[in-house]
Amino acid sequence: MSDYNFAYLDEQTKRMIRRAILKGVAIPGYQVPFASREMPMPYGWGTGGVQVSAACLTPEDTFKVIDQGADDTTNAVSIRKFFEFTAGVAVTEHTGEATVIQTRHRIPEEPLREDQILVYQVPIPEPLRFLEPRETETRKMHALEEYGLMHVKLYEDISRHGNIATSYAYPVKVEGRYVMDPSPIPKFDNPKLEMAAIQLFGAGREQRIYAIPPYTQVISLDFEDYPFDPSKADHPCDLCGAEHTYLDEVIIDDAGGRMFVCSDTDYCAGRQADGHRGRLSPIQEAAE
Amino acid sequence: MIRLENVSKTFTLHNQNSAVIQVMQGASFTVTAGECVALTGNSGAGKSTLMRMIYGNYLAASGAIWIGDTDVAKAQPREIIALRRETLGYVSQFLRVVPRVATVDVVAEPLLMTGTPFETAHAKARDLLTRLNIPQTLWDLSPMTFSGGEQQRVNIARGFVRDYPALLLDEPTASLDATNRETVLTLIEEAKTRGTAIVGIFHDHPARERVADREIDVSQFSPKQVA
Amino acid sequence: MTNPLFSVRDVAKYYGGRIGCADVSFDLYPGEVMGIVGESGSGKSTLLNCLAGHLTPDAGQILFDTRTGGVRDTREMSEPERRMLSRTDWAFVHQHARDGLRMSVSAGGNVGERLMAVGARRYDTIRAQAIDWLGRVEIDESRIDDRPTAFSGGMQQRLQIARNLVTGPRLVFMDEPTGGLDVSVQARLLDLLRSLVREMGLSAIIVTHDLAVVRLLADRLMVMKSGYVVEAGLTDQVLDDPQHAYTQLLVSSVLQV
């Protein structure tokens with residue numbers, strides 16, 4: 001293997017992080033401070049998620065990393081390699097085979113199971129930050145459940161755009177208590193936050209960990225007359241034809257040609273393997 | 001309605017070696033409903049001082065000043081405020097208003113403060129301003145920009161807009177022309193007929209003889225000089 | 001007679017060995033407006049901040065007649081209760097509008113915040129109330145989506161007042177509400193405050209060093225010096241016939257216009 005301790009971090013650090021995780025699970029949505037370590041990657045590349053993953057991994061685990069839904073981006077590949085190298089765990093690109101999935105900005109389309117852990121990379125854990133920059137004040141607001149300000153943000157959206165224009169990092173209330181930033185996942189993914197798997201959120205630069213235990217109630221904030229709407233692009237996937245997935249828009253030539261494809265690459269590939277076809281599928285003729 | 005019992009007044013000038021000046025003692029008199037009493041005496045005899053004590057502006061050193069059931073000399077601020085709102089009107093020589101407020105609002109305010117509907121209050125205010133010959137073009141302007149005589153008439157309108165049971169008048173006819181003076185004297189007579197108890201200072205002799213039932217020479221309350 | 005809305009008993013605040021304010025007691029009745037005057041450092045702002053719960057007094061009682069729980073000592077309330085009070089039945093108008101406004105949030109959002117804080121969840125209702133209040137403080141409806149940074153000083157102050165009064169508080173604390181404004185703007189604000197106080201039957205405590213402001217706004221007055229109340233009474237009585245040496249000095253020091 002290597003000269004590193006299993007999964008890079010020393011055991012004391014992992015214990016510290018696990019304590020923070022346990023506390024986070026016990027108080028769903030509450031931001032637990034932890035002593036974030038320097039990691040061999042820059043802040044913003046998922047140092048929080050990596051530390052949470054390191055604390056969760058066992059030698060028997062199968063690890064998957066997605067970035068914006070894709071397994072093959074630089075960030076995803078680097079982190080996957082990192083744990084292959086420092087923990088020697090098995091890795092996969094298939095959602096169904098993974099036991100620990102680290103993600104940036106997406107929840108996999110395939111529903112997760114009770115035996116899986118989803119680890120989010122979080123840039124800014126504090127949902128109230130942009131309206132109330134004082135950390136002392138936002139912590140007090142969480143403690144006292146003073147969340148009127150969160151609706152001020154949504155009010156501002158409607159007054160400026162005619163609807164709630166927040167389309168990612170859409171604030172949620174967890175188990176009727178803490179208001180939480182679900183990390184910059186698209187609001188399309190918000191309904192999936194109520195799931196069977198355990199969800200852990202790590203913010204390395206901000207030194208916060210929080211969690212949503214399995215089957216926890218997660219409600220997206222809204223107004224009675226402007227209800228939450230997990231909108232998606234009005235297109236099917238051009239590769240697999242799926243009409244219920246979150247899509248990326250890809251520019252394919254200099255003439256403004258574009259295509260819509262599933263952002264979850266594994267899910268899209270799985271559907272194509274099952275024979276589903278989209279408008280621009282390259283293997284269309286071959287299959288027919 | 002208005003009853004003074006043995007009222008005295010001192011001023012302590014702390015910034016001038018704490019000099020204590022006794023300006024009045026033993027002031028006692030009664031004004032019944034519908035009666036108008038004129039305070040007389042030389043300048044400096046204490047007419048205005050006495051008037052201000054009755055209104056609660058000046059603190060009486062001792063004695064009692066009864067307006068109805070309230071002793072102004074001992075009342076709490078809120079009791080005096082309630083008294084001024086409900087019972088005791090005052091037409092001073094100086095108009096003191098919030099800048100920018102329209103004349104008609106200034107006049108209607110005492111009625112609005114006691115819950116009179118806006119329209120009724122404004123109708124009454126407009127009626128009085130008309131009687132006092134304030135041109136309608138001025139009604140929506142602040143009286144702060146008016147001439148002395150106009151300000152005086154706005155002050156009078158404000159004082160008479162409500163039917164107070166007790167009324168204090170400080171030189172109500174000063175700086176008024178004959179027509180307006182006549183209107184003011186008529187207003188005073190109307191108030192008396194309604195049963196208002198009035199204490200007034202009138203330097204205008206004919207006016208005093210026309211409306212006052214009695215005169216009280218304030219100099220009799222001057223402290224005896226120690227020889 | 002009605003009961004006091006707000007009763008203060010022997011309130012004191014010390015900064016180490018120095019007195020911030022001491023031995024302050026008074027009753028404020030519904031609908032009363034009380035002014036607190038004194039020079040800089042006289043303890044008037046310390047007192048106001050103690051009363052409003054921004055500072056914790058070292059001694060005394062601050063009793064408020066709450067809507068649901070009867071008379072309560074606000075010092076013994078839990079912090080959530082106190083903060084709830086300051087969002088609903090109390091209001092605080094800061095001298096500098098930017099201390100009392102969210103400068104990055106539109107005028108409508110500023111006014112709506114207190115409504116949302118107490119559970120309003122219908123956008124249309126919140127917006128309608130915001131429009132109503134902007135009108136009451138003489139800000140044109142068309143400015144509702146502008147940020148306060150685009151407003152003049154006087155407009156900002158009026159917006160701050162709207163934001164505070166939208167939940168229909170019963171007690172308003174004001175710290176030099178007209179300080180730092182042009183005189184013409186001051187006059188307009190004074191007029192506005194006076195009519196709002198009358199229409200809403202508000203009780204208010206106004207700290208200022210401007211005697212002309214208290215004469216127009218306040219029913220009664222407390223004069224403070226070196227942390228103590230040296231004189232209290234009806235506003236025009238205190239100003240026209242001051243009894244204490246300091247008040248006499250204060251009144252005689254005002255420049256005549």
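Naming: A, B, ... by sequence-line order, numbering from 1 per chain.
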Just checking, any donor-acceptor pair under 3.5 angstrom between side chains of C:Asp140 and C:Ser142? yes

Given the rule in the ring-ring contact (aromatic ring centres under 6.0 Å, His included) test, do A:Tyr178 and A:Tyr210 qualify, once you have shown the distances and angles that lead to the verdict? CA-CA 11 Å; A:Tyr178 283 96; A:Tyr210 51 104; over 10 Å; no

Going by the angle between their ring planes, with limits at 30° and 60°, are C:His54 and C:Phe92 parallel, tilted or perpendicular? tilted

Under the side-chain contact (heavy atoms from CB on, under 4.5 Å) rule, what do C:Gln129 and C:Val111 come out as? Steps first, then yes or no, please. CA-CA 8 Å; C:Gln129 272 186 277; C:Val111 178; over 6 Å; no

Hey, which residues of residues 183-191 of chain A are touching chain C, say heavy atoms under 4.5 Å apart? none

Using non-hydrogen atoms only, which part of C:Asp145 is less than 4.5 Å away from chain A: side chain, backbone, both, or neither? side chain

Do other residues, nucleotides or ligands put more than 12 heavy atoms under 6.0 Å from the CZ atom of C:Arg198? yes

Check each atom of C:Arg114 against the heavy atoms of chain A and say whether the ones under 4.5 Å are side chain, backbone, both or neither. neither

Flag the pair C:Glu113 and C:Arg163 as a salt bridge only when some basic side-chain nitrogen lies within less than 4.0 angstrom of an acidic carboxylate oxygen. yes

Between A:Arg139 and A:Glu126 (salt bridge meaning N to carboxylate O under 4.0 Å), is one present in this structure? no

Whether A:Glu109 and A:Lys192 form a salt bridge (side-chain N of Lys/Arg under 4.0 Å from carboxylate O of Asp/Glu) is what I want to check. yes

Rounded to the nearest 0.5 Å, what separates atom OH in C:Tyr123 from atom CG in A:Asp225? 9.0 Å

Measure distances from C:Arg122 to the heavy atoms of chain A and classify the residue's part below 4.5 Å as side chain, backbone, both or neither. both

How close do C:Pro169 and C:Ala91 get, heavy atom to heavy atom, and via which atoms? CG-CB, 3.9 Å

Tabulate, in ascending numerical order, the residues of residues 154-163 of chain A having at least one heavy atom closer than 4.5 Å to a heavy atom of chain C, or enter 'none'. A:Tyr155, A:Glu156, A:Ile158, A:Ser159, A:Arg160

Less than 4.5 Å to any heavy atom of chain A: does that hold for the side chain of C:Leu115, its backbone, both, or neither? neither

Indicate whether the side chain of A:His142 and that of A:Tyr147 have a donor and an acceptor atom separated by less than 3.5 Å. yes

Given a strict heavy-atom distance threshold of 4.5 Å, which part of A:Leu221 is in contact with chain C: side chain, backbone, both, or neither? neither

If you count heavy-atom pairs under 4.5 Å with chain A, which of C:Arg102, C:Glu79, C:Met84, C:Arg121 comes out on top? C:Arg121

So with a 6.0 Å cut-off around CD of C:Glu141, is the heavy-atom count from everything else above 12? no

